[in-house]
Amino acid sequence: NLWMPPLYAYYLYFFTIFDLGEQNYILLILSSQILFASISVVVFYKINKFFFTKKLSLYSSLLFSLFPLHAYACSQISSISLQIFLTILFFYFFFQLVEKRNFLSTVLFSFSGGLLMLLRGEFYVILILTLFYLFFLRINIKKILLIILITSITISPYLIRNVLVFEKIT
């Protein structure tokens with residue numbers, strides 16, 4: 001569909017370069033989604049450690065790993081597993097940015113936000129709200145502009161394509 005954000009289609013297309021049979025292609029995609037889900041649990045644990053004790057963070061991560069949507073998403077070829085993974089990374093880098101305020105956290109936060117916009121078009125609302133929150137936290141305006149720039153660069157091929165195909169930014 002031309003109107004859908006392209007990231008998951010690119011993700012699926014990436015696995016075609018391995019030139020495997022159809023059954024192996026499906027297994028490779030499902031395996032990669034299981035890997036993303038496993039990494040998500042670890043990053044979720046790290047996010048929880050920003051707020052809770054080590055023990056409570058471990059319990060909440062275990063609960064998250066058993067959450068039905070999380071377990072179900074791994075067994076289906078669906079963008080939800082990639083969305084969960086990128087959303088958790090987005091929030092992890094957000095907390096890193098707030099805590100450390102370093103350049104790498106800014107770049108990774110911006111890039112994960114751009115990827116989420118390429119996965120789910122409505123994510124731009126969450127990004128805008130997050131930028132307002134950063135502004136109220138007194139994050140340097142130059143850093144906020146850098147976030148907007150990096151995110152815009154990340155989504156620019158999609159925006160350019162939309163202008164060429166639909167003659168508008170969608």
Side-chain angles (χ1 to χ4, degrees), residues 1-14 32-33 35-52 57 60-61 64-65 67 69-70 72-74 76-170:
N1 187 343
L2 285 175
W3 294 99
M4 297 299 293
L7 185 62
Y8 194 68
Y10 291 153
Y11 171 74
L12 294 176
Y13 181 75
F14 169 76
S32 70
Q33 290 183 170
L35 179 65
F36 282 148
S38 301
I39 295 169
S40 295
V41 172
V42 173
V43 176
F44 187 76
Y45 170 76
K46 289 183 175 197
I47 291 172
N48 282 325
K49 281 181 33 180
F50 282 115
F51 304 103
F52 307 113
S57 298
S60 65
S61 298
F64 171 68
S65 70
F67 187 70
L69 176 65
H70 190 67
Y72 175 76
C74 296
Q76 301 293 316
I77 295 181
S78 170
S79 66
I80 190 70
S81 58
L82 187 58
Q83 183 179 351
I84 291 170
F85 173 70
L86 289 174
T87 302
I88 288 174
L89 282 181
F90 176 81
F91 284 113
Y92 175 74
F93 294 132
F94 170 77
F95 292 124
Q96 286 283 334
L97 174 64
V98 169
E99 184 179 284
K100 296 183 179 177
R101 298 182 186 215
N102 63 10
F103 181 74
L104 183 62
S105 297
T106 304
V107 170
L108 294 173
F109 169 75
S110 307
F111 186 64
S112 62
L115 289 178
L116 277 164
M117 288 175 69
L118 290 173
L119 188 63
R120 299 291 306 181
E122 61 274 359
F123 186 77
Y124 74 91
V125 174
I126 295 171
L127 184 64
I128 290 171
L129 292 173
T130 306
L131 292 175
F132 277 125
Y133 185 73
L134 289 173
F135 179 76
F136 288 118
L137 285 177
R138 306 248 189 254
I139 299 291
N140 187 340
I141 191 72
K142 290 179 184 178
K143 193 164 284 212
I144 293 174
L145 292 174
L146 180 63
I147 292 168
I148 293 170
L149 176 67
I150 293 169
T151 304
S152 298
I153 289 170
T154 304
I155 65 170
S156 64
Y158 179 61
L159 295 177
I160 292 168
R161 188 222 44 147
N162 287 348
V163 168
L164 294 174
V165 173
F166 302 115
E167 297 179 353
K168 62 181 178 179
I169 296 176
T170 56

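Excluded from the calculations below are hydrogen atoms, water molecules and symmetry mates; all remaining heavy atoms, backbone and side chain alike, are included.
Of the inter-residue distances, the one linking Lys142 atom NZ with Leu149 atom CG reads 14.5 Å to the nearest 0.5 angstrom. Residue Leu134 holds its CG atom at 10.0 Å from CD1 of Ile141, rounded to the nearest 0.5 Å. Interatomic distance, Leu115 CG to Phe90 CZ, rounded to the nearest 0.5 Å: 11.5 Å. To the nearest 0.5 Å, atom CZ of residue Phe85 and atom OG of residue Ser32 are 10.5 Å apart. Atom OG1 of Thr87 sits about 14.0 Å away from atom CZ of Phe94, to the nearest 0.5 Å.
The minimum heavy-atom distance between Gly121 and Pro5, with the atom names listed, is N-CG, 3.5 Å. Here the closest heavy-atom approach between residue Thr106 and residue Lys143 is recorded as OG1-CD, 3.5 Å. Annotation for Ile139 and Arg101: closest pair CD1-CZ, 3.3 Å, computed over non-hydrogen atoms. Considering every non-hydrogen atom in both Leu97 and Asn102, the closest pair reads CD1-O, 4.4 Å. Between Ile88 and Phe44 the shortest heavy-atom distance is CG2-N, 3.9 Å. Heavy atoms only, all atoms of each residue included: Met117 and Leu127 are closest at SD-CD2, 3.7 Å.
Two residues are said to be in side-chain contact when any heavy atoms from C-beta on lie closer than 4.5 Å; Asn48 and Ser61 meet this criterion. In this structure the side chain of Lys46 reaches within 4.5 angstrom of the side chain of Tyr92, judged on heavy atoms. Two residues are said to be in side-chain contact when any heavy atoms from C-beta on lie closer than 4.5 Å; Phe51 and Ser57 fail this criterion.
Considering Leu159, Leu164, Val165 as possible partners of Arg161, the one that fulfils the side chain to side chain contact (heavy atoms under 4.5 Å, CB included) test is Val165. Partner Phe95 forms a ring-ring contact (aromatic ring centres under 6.0 Å, His included) with one of Phe109, Phe50, Tyr133 and no other, that one being Phe50.
A search for ring pair (Phe, Tyr, Trp, His ring centres under 6.0 Å) contacts involving Tyr11 returns Tyr8, Phe15, Phe36, not counting sequence neighbours. Remark: Tyr72 pairs with Ser75, Gln76 by the side-chain contact (heavy atoms from CB on, under 4.5 Å) rule, at least two apart or across chains.
No donor-acceptor pair under 3.5 Å is formed between the side chain of Ser110 and the backbone N or O of Thr151.
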Report task. Take Tyr45 and Val42 through the test side-chain contact (heavy atoms from CB on, under 4.5 Å) and record every step on the way to the result. Result -> CA-CA 5 Å; Tyr45 170 76; Val42 173; 5.6 Å; no
Requested in this report: Give the intermediate values and the outcome of side-chain contact (heavy atoms from CB on, under 4.5 Å) for residues Tyr158 and Leu7.
Outcome: CA-CA 10 Å; Tyr158 179 61; Leu7 185 62; over 6 Å; no
